Every structure is written in structure tokens, then in C-alpha cells.
Amino acid sequence: CLLAAPALGHMPIPPKKGEIGRKANHALVPEFTLLDQDGKPFRITSARGKIVLVTFVFTTCPDVCPLLTAKFAAIQRALDKKKVNDYLLLSITTDPDRDTPAALKSYAQAFKADFDHWRFLTGSEIDLAKVWKSFDVTVRKSAGQVQHTALTTLIDRRGIRRVDYYTDKWEEKEILRDIAGLDSPSYQ
């Protein structure tokens with residue numbers, strides 16, 4: 001739903017019909033390169049062989065984005081506790097004008113991100129627009145507000161999107177179950 005928001009507020013774009021909750025997917029993630037929180041190039045192909053969880057956020061968001069980031073922090077803690085090492089969390093900005101590598105690093109540190117397993121990515125508006133489009137994420141800017149699709153997606157070790165989670169209503173245990181299930185031969 002769209003809510004009234006302050007000038008720097010966040011107005012999530014309502015999901016399309018059928019995009020609420022959890023939805024199976026089977027799309028190859030196209031190649032892209034963005035900058036991480038240290039200003040170093042990050043290529044998605046470098047994540048092959050790992051389970052990857054991607055979400056889209058911006059650092060000045062007052063509502064949904066910090067909630068999604070807190071959920072990622074809980075997933076990071078759970079995977080570390082289970083001694084899972086072959087994973088990568090990616091938080092991709094929807095506000096490259098404000099989300100410089102330094103801003104992303106500061107934001108990440110507030111959530112105790114382990115940069116060995118969690119990257120915060122930015123880039124030029126052109127590069128990010130290609131990434132947003134490849135994930136079917138809509139980003140709109142109006143009067144200082146950023147609106148974007150609230151999408152989190154799970155990518156398998158071969159670089160194939162397996163499950164999309166829309167809005168912020170998913171639970172960490174649901175994603176952890178799906179991550180564990182990726183190694184099952186019967187996983188859809």
C-alpha cells in the first residue's frame with residue numbers, strides 16, 4: 001500500500017496481482033557488475049557456486065528497507081550459527097544518488113554485516129536500471145521519494161532465481177527452509 005511519507009520517505013510500489021508472498025521462479029540471472037561497499041567491482045558471476053539471496057533497499061528509507069535489512073542480518077546470524085559458508089547476501093540500492101559505497105558501508109555496519117558473506121551494491125543509474133529491470137524491480141523517484149518493488153529473491157548455485165518473495169511479509173525461517181531445500185533433488 002502507498003502511505004504518506006516525508007520528503008525522504010519510502011513509498012513501496014504495490015505488488016502486481018499474484019506477486020504477494022512467495023512465488024517459484026526459474027530464470028537465469030544475467031551478468032552484471034556493480035560497486036560494493038568498498039568501491040570495488042562486484043560481478044554476479046563471482047557468486048556462482050554459492051547460494052545467493054538478493055534484496056533491493058536504500059539507506060535513507062524509514063520503513064520497509066531497514067526491516068528487510070534486519071531480516072537479512074537475522075539470516076546471516078542463522079547461517080553462521082549453522083556453519084553454512086557457501087552463501088552470499090546482496091543488498092542492491094534503489095537510490096544511487098545518495099547510496100555511495102561509503103554510505104552503504106556505514107549502513108551495513110549498523111546491521112553488523114559480515115562483508116565476507118554480505119555485499120551492499122551501488123553503481124551508476126544506468127547500470128542499476130539494467131539490474132532492476134533484470135529482476136523485474138520498478139524504481140520511481142518523485143519529489144525526493146523513492147518508490148520500488150519490495151522484492152527478495154533466492155538464487156541457486158548455478159545462478160538461477162528459484163524463489164521470489166514479495167513485500168516484507170516473509171519470515172526468515174521460510175527463506176532458511178528454502179535455502180536448505182536447494183540441495184534437495186526434488187526441490188521445485
Side-chain angles (χ1 to χ4, degrees), residues 1-3 5 8-16 18-25 29 34 36-37 42 44 47 50-95 98-99 103-122 128 131-132 135-139 146-157 161-183 187:
C1 70
L2 294 178
L3 303 172
L8 295 179
H10 176 249
M11 293 175 54
I13 292 174
K16 297 173 191 153
E19 289 187 343
I20 295 173
R22 181 186 184 278
K23 181 177 157 188
N25 196 331
V29 175
L34 294 172
D36 72 11
Q37 69 282 345
F42 171 84
I44 189 63
K50 296 179 182 180
I51 294 167
V52 180
L53 191 63
V54 177
T55 198
F56 296 84
V57 299
F58 64 101
T59 62
T60 58
C61 171
D63 48 38
V64 174
C65 301
L67 179 58
L68 291 171
T69 305
K71 288 181 176 212
F72 264 44
I75 289 169
Q76 174 186 263
R77 288 189 303 273
L79 292 172
D80 289 349
K81 187 176 179 179
K82 293 179 180 188
K83 307 280 190 243
V84 176
N85 287 310
D86 60 344
Y87 76 94
L88 190 60
L89 306 176
L90 298 178
S91 295
I92 300 175
T93 188
T94 57
D95 188 5
R98 291 188 200 111
D99 287 346
L104 288 170
K105 188 166 192 170
S106 176
Y107 182 78
Q109 289 169 331
F111 287 91
K112 297 182 172 55
D114 171 0
F115 295 128
D116 289 335
H117 294 286
W118 193 354
R119 306 285 167 76
F120 289 75
L121 304 177
T122 191
L128 281 162
V131 173
W132 300 330
F135 282 94
D136 299 316
V137 169
T138 301
V139 177
V146 176
Q147 299 173 304
H148 66 90
T149 308
L151 171 73
T152 300
T153 190
L154 180 60
I155 302 168
D156 70 17
R157 289 179 176 83
R161 281 172 63 183
R162 299 302 294 272
V163 185
D164 292 338
Y165 310 87
Y166 291 91
T167 75
D168 61 344
K169 303 299 182 218
W170 52 266
E171 294 183 27
E172 295 90 328
K173 65 183 178 182
E174 179 181 11
I175 288 182
L176 291 166
R177 185 174 52 246
D178 286 338
I179 288 172
L182 284 178
D183 292 326
Y187 193 77

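Because the structure is predicted, anything quoted here is derived from the model rather than measured.
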| field | Side-chain donor or acceptor of Asn25 paired with backbone N/O of Asp164 under 3.5 Å | value | no

| field | Separation of Tyr87 OH from Lys50 NZ (nearest 0.5 Å) | value | 10.0 Å

| field | Side-chain (Lys71) to main-chain (Asp168) donor-acceptor, under 3.5 angstrom | value | yes

Anything under 3.5 Å between a donor and an acceptor, one on a side chain of residues 51-58, the other on a protein residue two or more places apart or in another chain? List them.
| from | atom 1 | to | atom 2 | distance (Å) |
| --- | --- | --- | --- | --- |
| Thr55 | OG1 | Leu151 | O | 3.2 |
| Thr55 | OG1 | Thr152 | OG1 | 3.0 |

| note | Smallest heavy-atom separation, Leu121 atom then Asp36 atom, equals CD2-CA, 3.7 Å

| Looking at CG of Asp136 and OG1 of Thr138, how far apart are the two atoms once the value is rounded to the nearest 0.5 Å? | 8.0 Å

| query | Looking only at heavy atoms, which two atoms of Ile92 and Trp132 are closest? And how far apart? | reply | CG2-NE1, 4.4 Å

| Which heavy-atom pair separates Phe42 from Arg119 by the least distance, and what is that distance? | CD1-NH1, 3.4 Å

| Interatomic spacing from CG in Asn85 to CG in Leu79 - rounded to 0.5 Å | 9.5 Å

| When rounded to the nearest 0.5 angstrom, what is the spacing between CG in Asp156 and CG in Asp178? | 12.0 Å

| task | Give, for atom CG of Leu182 and atom CG of Leu154, the distance between the pair rounded to the nearest 0.5 Å. | result | 4.5 Å

| request: Answer yes if the side chains of Tyr107 and Thr69 hold a donor-acceptor pair under 3.5 Å, and no otherwise. | output: yes

Can you give the donor-acceptor pairs under 3.5 Å from side chains of residues 109-116 to other protein atoms, not counting sequence neighbours?
| from | atom 1 | to | atom 2 | distance (Å) |
| --- | --- | --- | --- | --- |
| Asp114 | OD1 | Asp116 | N | 2.9 |

| query | Quick one: does His148's side chain have a donor or acceptor within less than 3.5 Å of a partner on Val137's backbone? | reply | no

| said: Can a donor-acceptor pair be found, under 3.5 Å and without considering hydrogens, that links the side chain of Thr59 to the backbone of Asp99? | reply: no

| remark: Taken in chain and number order and not counting sequence neighbours, the residues that satisfy salt bridge (charged side-chain N to carboxylate O under 4.0 Å, His left out) with Lys169 are none

| said: I'd like to check Ile44 versus Leu90 (side-chain heavy atoms, cut-off strictly below 4.5 Å). Are they in contact? | reply: yes

| message | Nearest 0.5 Å, please: how far is OH in Tyr166 from NZ in Lys23? | response | 4.5 Å

